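Working notes, structure below.
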Protein chains: 2
Amino acid sequence: MKEIKILLVDDHKLIRDGIKSIINTTNNIKVVDECSNGREAIDYLGKNANEIDLILMDITMPEMSGIDATEIIVKLYPKINILALTMHSEEAYIMKMIKAGALGYILKDSGREKLIDAIKTVYRKEKYYSNEVSIKLINVLLNEDKIVEPVLSDREIQVLKSITNGNTNREIAKELYISDRTVESHRRNIIKKLNLKNTAELVKYALSNGLV
Amino acid sequence: MKEIKILLVDDHKLIRDGIKSIINTTNNIKVVDECSNGREAIDYLGKNANEIDLILMDITMPEMSGIDATEIIVKLYPKINILALTMHSEEAYIMKMIKAGALGYILKDSGREKLIDAIKTVYRKEKYYSNEVSIKLINVLLNEDKIVEPVLSDREIQVLKSITNGNTNREIAKELYISDRTVESHRRNIIKKLNLKNTAELVKYALSNGLV
DNA sequence: TTTTTGCTACGTATTTATACCGATATTGAA
DNA sequence: TTCAATATCGGTATAAATACGTAGCAAAAA
């Protein structure tokens with residue numbers, strides 16, 4: 001049986017060391033290299049793409065997130081399979097990562113066996129979602145309302161970012177060269193789309209669900 | 001040389017497995033057991049305190065945080081040394097953990113060697129702070145303004161929590177059985193203490209600095 | 001004991017945000 | 001090509017937040 005060659009992408013060295021230590025004591029699987037963010041991973045693949053079968057990809061990282069990196073990598077190197085390995089169990093992250101092209105999604109509170117299982121599955125180009133993840137996904141599907149997932153437009157994201165930075169409608173208006181009434185409309189639409197109540201909740205939601 | 005017996009407290013199994021895998025390949029150090037949150041750790045120590053020399057403690061965990069658990073454990077079992085092992089490099093977390101009684105503080109982006117070094121140091125009842133942590137702490141000390149660290153009162157924390165949950169002054173007033181004018185005062189004082197601008201910024205600050 | 005801090009609360013005024021409404025122009029998808 | 005979504009802006013009105021000042025009372029600290 002051929003050895004599965006893995007690239008490990010996570011911003012915490014101790015986590016990388018730990019995962020590596022788990023994987024490298026398993027037959028036929030080997031971590032051949034590691035990167036600490038998405039940008040590094042892409043640079044690495046530019047030279048060593050042939051050395052890698054599968055990428056274990058964290059999501060929240062400095063420089064470039066795992067979502068952005070995954071999107072790019074699946075286009076450039078379709079042979080390489082990506083397994084998301086993260087502590088985020090929020091639907092928004094899961095959906096984004098899957099849409100970006102990750103074949104599997106496993107949480108950091110899984111055990112060693114599940115990790116190995118997930119790696120082997122994704123290596124065969126089959127999908128793998130850990131239990132909690134599957135349940136979340138099914139919930140999304142069962143919820144007719146949420147099937148039209150509340151995706152914010154580019155403009156709305158811009159406004160939302162500015163809001164989380166503490167700017168008022170008027171300030172955002174200046175920043176984006178539009179009327180403060182328009183900003184107001186955007187703010188209202190965002191709150192409505194996400195089914196929220198006010199700006200405080202909005203900021204909380206945005207920060208804890210990775211919208212910004 | 002006597003073996004260092006460690007209790008590992010972290011909510012992510014894969015992280016525990018990884019750390020365990022790192023530590024258990026080192027001589028004279030052994031992870032004898034693990035818990036997935038602060039509450040579990042305290043329950044465990046209730047029966048097995050004598051088996052443990054040192055605790056590797058994560059901060060953000062469900063049920064009970066590492067900060068609360070540390071505070072309790074150092075009182076109940078002063079012989080057990082606690083080394084904080086977390087990905088949070090924010091001053092607020094560091095200060096809280098040290099004040100709670102942790103002897104050391106090391107980040108998850110440290111390497112294997114630093115972890116082992118930290119464990120051995122804390123086992124000798126000496127303090128250990130990783131580089132980034134030391135720098136943060138020194139910055140706090142050098143900053144005369146920040147030496148009077150903006151600590152919120154219990155009441156202010158209550159109000160802040162409610163604000164981040166999207167409640168208005170009036171709703172918070174009902175919740176806490178006080179006047180909405182009082183809530184208003186609290187809100188104003190909090191924003192002033194933290195040198196912020198408005199509620200949006202306040203929510204962001206609270207969430208990203210672990211104030212709630 | 002004096003001082004400070006925290007919690008409480010009100011007055012007045014201004015600024016922002018929210019809730020409705022409606023409108024137009026553009027664009028991409030069905 | 002019709003339709004839905006997006007982005008733009010306005011009117012009117014209320015609700016909420018922010019600014020600034022004041023002040024009593026209890027508890028803790030100096």
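Note that this is a predicted model, so its numbers are computed, not measured. Naming: A, B, ... by sequence-line order, numbering from 1 per chain.
Residue-level contact check: B:Asn198 touches the backbone only, with heavy atoms under 4.0 Å from sugar-phosphate atoms and none from bases.
In this model, the phosphate group of C:dA17 is not approached by any side-chain N or O of A:Lys197 to a distance below 4.0 Å at OP1 or OP2. Note on B:Asn169: a side-chain N or O is less than 4.0 Å away from OP1 or OP2 of D:dA17. Not one side-chain nitrogen or oxygen of B:Thr182 sits closer than 4.0 Å to the OP1 or OP2 atom of C:dC10. Residue B:Arg187 places at least one side-chain N or O under 4.0 Å from the OP1 or OP2 atom of D:dT18. Residue B:His186 places at least one side-chain N or O closer than 4.0 Å to OP1 or OP2 of C:dT8. Phosphate contact (OP1/OP2 of C:dA17, side-chain N/O of A:Thr199, threshold under 4.0 Å): absent.
The residue among B:Arg155 and A:Ile191 whose nearest nucleotide of DNA chain C lies closer to the 5′ end is B:Arg155.
With no hydrogens or angles considered, a side-chain donor-acceptor pair links A:Tyr44 and A:Asp33 at under 3.5 Å. Side-chain N/O atoms of A:Glu175 and A:Ser162 include a donor and acceptor closer than 3.5 Å.
Residue A:Ile178 contributes atom CD1, which lies 20 Å from atom P of C:dT24 at whole-angstrom precision. A:Asn189 places its CG atom 17 Å from the P atom of D:dA4, with the value rounded to the nearest Å. Rounding to whole angstrom units, CD1 of residue B:Ile190 and P of D:dA17 are separated by 13 Å. Spacing between atom CD of A:Gln158 and atom C1' of D:dA7 amounts to 12 Å, rounded to whole angstrom units. If you measure from atom CG of A:Leu196 to atom P of C:dA19, you get 11 Å, rounded to the nearest angstrom. As a whole-Å value, the separation of B:Leu202 CG from D:dA17 C1' is 12 Å. Computed from coordinates, the A:Glu156 CD to D:dA7 C1' distance equals 9 Å when rounded to whole Å. Rounded to an integer number of Å, the gap from OH of A:Tyr177 to P of D:dC9 is 14 Å.
Screening A:Leu103, A:Ile55, A:Ile6, A:Ile106 for a side-chain contact (heavy atoms from CB on, under 4.5 Å) involving A:Leu83 leaves a single residue, A:Ile106. The side-chain contact (heavy atoms from CB on, under 4.5 Å) test with A:Leu45 is passed by exactly one of A:Ile80, A:Leu76, A:Asn50: A:Ile80.
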Original post:
Does the side chain to side chain donor-acceptor pair (under 3.5 Å) test come out yes or no for B:Lys204 and A:Asn165, once each step is laid out?
Top reply: CA-CA 8 Å; B:Lys204 182 184 180 183; A:Asn165 284 332; 2.9 Å; yes
At a cut-off of 3.5 Å, list every protein nitrogen or oxygen paired with a nitrogen or oxygen from nucleotides 10-13 of chain D, distance to 0.1 Å.
| unit_1 | atom_1 | unit_2 | atom_2 | d |
| --- | --- | --- | --- | --- |
| D:dG10 | OP2 | A:Ser179 | OG | 3.2 |
| D:dG11 | N7 | A:Arg181 | NH1 | 3.4 |
| D:dG11 | N7 | A:Arg181 | NH2 | 3.2 |
| D:dG11 | O6 | A:Arg181 | NH2 | 3.2 |
| D:dT12 | O4 | A:Arg181 | NH2 | 3.0 |

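Judged by distance alone, with hydrogens and angles left aside, the side-chain atoms of A:Asn48 form no donor-acceptor pair with the main-chain N or O of A:Glu51 at under 3.5 Å.
No more than 12 heavy-atom neighbours from other residues, nucleotides or ligands sit within 6.0 angstrom of NZ on A:Lys75. In B:Arg170, the CZ atom is not crowded: 12 or fewer heavy atoms of neighbouring residues, nucleotides or ligands sit closer than 6.0 Å. Shown here is A:Lys174, whose NZ atom has no more than 12 heavy atoms of other residues, nucleotides or ligands within 6.0 Å. More than 12 heavy atoms of other residues, nucleotides or ligands lie within 6.0 Å of NZ in A:Lys197, so this atom counts as buried by the packing criterion.
For the helix from C:dT1-D:dA30 to C:dA30-D:dT1, the axis fitted to the five pairs at one end and the axis fitted to the five pairs at the other end meet at an angle of 60° (nearest 10 degrees).
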